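Heads up, the thing below is written out as structure tokens.
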Amino acid sequence: QVQLVESGGGLVQPGQSLRLSCVASGFTFSSAPMSWYRQAPGKARELVATITSAGGTANYKDSVKGRFTISRDNAKNTVDLQMNSLKPEDTAVYFCNAVRRLDGRRYDYWGQGTQVTVSS
């Protein structure tokens, strides 16, 4: 079965850094675009960053550009999110997402989420 497992969340002070990691199994990881989403209390889930299957192109939500970096290691089936200069507004549950196309349809898979809290 497809499985995505996140780690690395925690409580940090503003200006500090965290690195999130997601390990994937159960599908051909090297063929799948990967993304990080987040959801804050009372807010809709939003796309934070996405990376192409070979890791050559990345895109970011405007508010995290220059602070966050998404990367992947297809030999290890992992995708990471390096988060620098964290702000209280970054507080959310962060989710790893994988996309597969089967029989002409798009399927999204999700991890369980990891909590990131930025507070003094």
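Hydrogens, waters and symmetry mates are skipped; everything else that's a heavy atom, side chains included, is used. Keep in mind the model is a prediction, meaning the values are calculated, not measured.
The main-chain N or O of Val118 is found under 3.5 Å from a side-chain atom of Thr91 such that the two form a donor-acceptor pair. Side-chain atoms of Glu6 come within 3.5 Å of backbone N or O of Gln112 as a donor-acceptor pair.
More than 12 heavy atoms of other residues, nucleotides or ligands sit less than 6.0 Å from atom CZ of Arg19.
The OG atom of Ser71 sits 8.5 Å away from atom CG of Leu81, with the distance rounded to the nearest 0.5 Å. Here the CZ-OG distance, from Arg72 to Ser30, works out to 7.5 Å after rounding to the nearest 0.5 Å.
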Show me the donor-acceptor pairs, under 3.5 Å and distance only, between side chains in residues 42-54 and residues at least two apart or in other chains.
from: Glu46; atom 1: OE1; to: Lys61; atom 2: NZ; distance (Å): 3.2
from: Glu46; atom 1: OE2; to: Arg38; atom 2: NE; distance (Å): 2.8
from: Glu46; atom 1: OE2; to: Arg38; atom 2: NH2; distance (Å): 3.3
from: Thr50; atom 1: OG1; to: Met34; atom 2: O; distance (Å): 3.3
from: Thr50; atom 1: OG1; to: Ser35; atom 2: OG; distance (Å): 2.8
from: Thr52; atom 1: OG1; to: Gly56; atom 2: N; distance (Å): 3.3
from: Thr52; atom 1: OG1; to: Thr57; atom 2: N; distance (Å): 3.2
from: Thr52; atom 1: OG1; to: Thr57; atom 2: O; distance (Å): 3.4

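Val64 and Tyr37 fall into different hydrophobic clusters, where Ile, Leu, Val, Met, Phe, Trp and Tyr side chains are chained together by heavy-atom contacts under 4.5 Å. In the hydrophobic clustering of ILVMFWY residues, with side-chain heavy atoms under 4.5 Å counting as a link, Val23 and Trp36 come out apart. In the hydrophobic clustering of ILVMFWY residues, with side-chain heavy atoms under 4.5 Å counting as a link, Tyr109 and Leu20 come out together.
Checked by atom type, the side-chain pair Gln82/Asn84 shows a donor-acceptor distance below 3.5 Å.
Legend: residues meeting ring pair (Phe, Tyr, Trp, His ring centres under 6.0 Å) with Phe95, ordered by chain and number and at least two apart, are absent. Scored by the side-chain hydrogen bond (donor to acceptor under 3.5 Å, both in side chains) test, Thr117 finds Gln115 as partners (sequence neighbours excluded).
Taking both residues in full, the closest heavy atoms of Cys22 and Leu4 are given as SG-CB, 4.0 Å, listed atom of the first, atom of the second, then distance. Taking each heavy atom of Val79 and Cys96 in turn, the nearest pair found is CG1-SG, 3.8 Å. Across every non-hydrogen atom of Ile70 and Ala58, the tightest pair is CG2-CB, 3.6 Å.
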Requested in this report: Kindly determine whether Tyr107 and Val2 satisfy side chain to side chain contact (heavy atoms under 4.5 Å, CB included), including the steps that lead there.
Outcome: CA-CA 11 Å; Tyr107 295 85; Val2 172; over 6 Å; no
Requested in this report: For the pair Val99 and Arg106, evaluate side chain to side chain contact (heavy atoms under 4.5 Å, CB included) and give the outcome as yes or no after the intermediate values.
Outcome: CA-CA 7 Å; Val99 175; Arg106 170 175 170 152; 3.6 Å; yes
Requested in this report: With side chain to side chain contact (heavy atoms under 4.5 Å, CB included) as the test, would you mind laying out the steps for Met83 and Arg67 before giving the verdict?
Outcome: CA-CA 6 Å; Met83 305 185 294; Arg67 300 189 296 121; over 6 Å; no
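Aromatic ring pairs are classed by plane angle as parallel below 30°, tilted from 30° to 60° and perpendicular above 60°; the pair Phe29 and Phe27 is tilted.
Side-chain atoms of Leu11 and Ser119, non-hydrogen and from C-beta on, do get closer than 4.5 Å to each other.
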